[in-house]
Amino acid sequence: MVPPPHNADIETAEISDSSPAAIKPVVAAIESHTESKPEALDLSHHLSIESVIRQKSLLKVSSSYLARDPELLSLAAGLPSPSLFPIEKITATVPIAKHESARNGLWKNDGLLPDTRRELQKEKDSNLKGQSDYDLSGALQYEQGTGAKQLLKFLKEHTEIVHNPQYRDWDCIMSGGNTHAMETVFRMLINPGDYIIVEEFVFPETAEGLKPLRAKMIGIEMDEEGMRSDSLRQLLEAWDETARGGKRPGVLYVVPTGQNPTGATMSVQRRKEIYNLCVMYDLIIIEDDPYYFLQMSDYVPGADPTVVHVPKSNDEFLSTLLPSMLGIDTQGRVLRLDSFSKVAAPGLRCGWITGSDRFIERLLRHNEVGLQFPSGVSMAVLHSMLTEAWGQDGYLDWLVNLRAEYTSRRNALLDAMDKYLPREVCDWVVPSAGMFVWLHVDHTKHPRKDNGIEAVEMELFEAGIDNKVLILPGAWFKVSPEARDVFFRATFASVSAEDMTLAVERFGEVLRKSFGL
Ligand code: PLP
């Protein structure tokens, strides 16, 4: 087998016309590698009954006749006339991020600097005027369940550049963000009563999405690298159907980068261990990875928090990113969920799912009767910004800027924690990605420890509110009813450095008072 191009090679090639010279020679390399890649395994035995039953929408079938014969006059589809759409034009002002701006600052006082902006427009007839391949008439019209093909093309190229899937027959479909994507994927893979493996602490919407499906969650113990592979191995090896009252789980849900709530990021080694176990025990992996691009440079205590290492080029940037589970997968057993929520804006409600053709086809059937496709206005704005203003390289420039900004925010929170929190009773791991710091508090040193872990946690939480600081208790995220110790989740995402510092100072006071320090 010809070895796949490494990310570093990919950075030197361009895939779309809008991409910079730096990404050019790779198209040919990718195409030839794609040919030599293996096909995904047929893992359709993992489909839920609900998913297997889904049929193609007959209305969507009718459009295939038009594609075959352009002379057909259609009285078929109930598409409203674009001439009657009330929206004539949309404009969006977006930054023109340059790689260097990550060093010099793209934002000041939480706003974009004026000379970094560019105004984009889409009109109903931008296509006819040759200004775009996706105009407002198209964006406001009914769309295929895959999402707009013009935007999807960009996302597939981006996925190829960044993750370089290791098998041939992969595809992408657009989602309404990762909350929507995970619920859709859960329904594709889980029958009522099935077990599913998750991390010991999860994003609450994950748990709430699984409960109505009557899925039984098993939370695997976590350490500073996230889900522990030794604990996962033990569970899978020792699975006893009779004792458990159900078959071994067929699905593992994981947030490998900047996990919510713990901030943990899996090393390459851990990712491979988890993947290999999933191969060995035939599990599908749902990789929910909204924080992938918020992988940060090292934290240096005491250094100026705003001075952040910025990779010299997008090639270097890509080479610093950990491989995703999708990038490791050779069999088509990973369903990767990407979202624009953390790298653009959550209100866009837009993301995409990558996986083997077989799974993407089932998700398409689901989209046709559910989401249909993300909002056309959102897709139009993203299309303008990504393909007309930025291109692949410009998008990477944006991500470099974003990561630099979040890194300096993380540094400011860690500086405040170093300064104000009593190390005698608490500790934390420096997050290398994401938006969260996970604070561990040693309940055994608390004067009222005999009341139980949760009682101590709630006492601290409520005392925090009384002292005007809101920090979320670990109990809100844990899967098992039993608590291991007291934990809190703090975020550095959207609070100013001054407010973060004040909030941490206040929580330090709470800890000292409550522990009698
Ligand atoms: N998954 C995880 C792990 C998250 O932390 C979040 C956001 O907080 C989401 C999904 C939701 O993302 P989206 O806005 O794309 O639905």
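Counting starts at 1 for both ligands and their atoms, following the listed order.
- Heavy-atom neighbours of R117 CZ from other residues, nucleotides or ligands within 6.0 Å: above the threshold of 12.
- A donor atom on one side chain and an acceptor atom on the other are not found under 3.5 Å apart for E119 and T91.
- Ring orientation note: the planes of H383 and Y134 are nearly perpendicular, at an angle over 60° on the 30°/60° scale.
- Legend: residues meeting salt bridge (Lys or Arg N to Asp or Glu O under 4.0 Å) with D427, ordered by chain and number and at least two apart, are absent.
- Listed by chain and number, G177, N178, T179, M182, F203, V255, N260, D288, P290, Y291, S339, S341, K342, R349 each place a non-hydrogen atom less than 4.0 angstrom from ligand 1.
- Residue pairs that meet the salt bridge (charged side-chain N to carboxylate O under 4.0 Å, His left out) test with at least one member in residues 329-339, sequence neighbours left out, are D282-R333, E287-R336, D289-R336, R336-D338.
- Under the ring-ring contact (aromatic ring centres under 6.0 Å, His included) criterion, the residue pairs touching residues 331-356 are H158-W352, F340-W352, with sequence neighbours excluded.
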